[in-house]
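Working notes, beginning with the structure itself.
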Amino acid sequence: MSQSNAAAVAESPLDYVKVQSGRQIEEARKRKRITQADLARDLGMGVRWLREIEGGNPRARLDDHLLCTFKLGLSTGPILFPLLFAGQQMSFPRQLATGDLSDLERICIEVIAHKHLEHLTRALTPAWRTVELQTHLQRKVAG
């Protein structure tokens, strides 16, 4: 990484995300023995732009990083978690960015789903069904 790139990363969580994501995209592409030309073609982008993404160019859009991530079957955690920390005005512990974060992503999704499950169930249950269930429960308790 160049000195100017390192300085930009230190200043912006978004730039940090792009550098880390670019590295992971490049490593995964090479591990899967996919050329830049093949991946760029599959994604509908130019090879030069893919090089910019892999290089962590701050001008690269996050949606391009996500597109590459999805195509290569990578975890989106290294992109999303630093942004969540930044959104909460918290410093991102960079050790979290290493490795596969798929399990952590699943846990987060489960927590969110569980938190909203009761509310969603109430919102999606027709009023007549709610009355029917309450009547059934009252009979069960009384009987």
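With rounding to the nearest 0.5 Å, the separation of CG in L50 from CG in D42 is 10.5 Å. The structure places OG1 of T121 at 10.0 Å from NE2 of H119, a figure rounded to the nearest 0.5 Å. Between atom SG of residue C68 and atom CG of residue L39 there is a gap of 5.5 Å, rounded to the nearest 0.5 Å. The NZ atom of K32 sits 14.0 Å away from atom CG of D38, with the distance rounded to the nearest 0.5 Å.
Residue I107 is found in a hydrophobic cluster whose other members, listed by chain and number, are V111; membership requires side-chain heavy atoms under 4.5 Å apart, directly or through intermediates. Using a 4.5 Å cut-off between side-chain heavy atoms of Ile, Leu, Val, Met, Phe, Trp and Tyr, I109 forms no hydrophobic cluster with any other residue.
Side-chain contact between N57 and V19 is absent, with no heavy-atom pair separated by less than 4.5 Å. You'll find the side chain of R23 reaches within 4.5 Å of the side chain of Q20, heavy atoms only. The shortest distance between side-chain heavy atoms of P78 and V17 does not fall below 4.5 Å. R31 places none of its side-chain heavy atoms less than 4.5 Å from the side chain of L72.
In this view, K71 satisfies the salt bridge (charged side-chain N to carboxylate O under 4.0 Å, His left out) rule with no residue, not counting sequence neighbours.
The hydrophobic clustering, which links ILVMFWY residues whose side-chain heavy atoms are closer than 4.5 Å, places I25 and L66 apart. I79 and F70 fall within a single hydrophobic cluster, where Ile, Leu, Val, Met, Phe, Trp and Tyr side chains are chained together by heavy-atom contacts under 4.5 Å. No path of Ile, Leu, Val, Met, Phe, Trp and Tyr side chains, each step under 4.5 Å between heavy atoms, connects L62 with L67, placing them in separate hydrophobic clusters. Follow the hydrophobic side-chain contacts under 4.5 Å out from L74 and you reach M45 in the same cluster.
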Please set out all donor-acceptor pairs under 3.5 angstrom arising from side-chain atoms of residues 83-93, sequence neighbours excluded.
none

### Query
Can you check salt bridge (charged side-chain N to carboxylate O under 4.0 Å, His left out) on R29 and E54, steps first, answer last?
CA-CA 10 Å; R29 178 186 58 75; E54 288 183 353; 2.6 Å; yes
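Listed by first then second residue, pairs satisfying side-chain hydrogen bond (donor to acceptor under 3.5 Å, both in side chains) with a partner in residues 61-70 read S21-H65, W49-D64, R61-D63, R61-D64, not counting sequence neighbours. Applying the salt bridge (Lys or Arg N to Asp or Glu O under 4.0 Å) test to pairs two or more places apart or on separate chains, those with a residue in residues 104-117 are D103-R106.
Between the K18 side chain and the A60 main chain, a donor and an acceptor come within less than 3.5 Å of each other.
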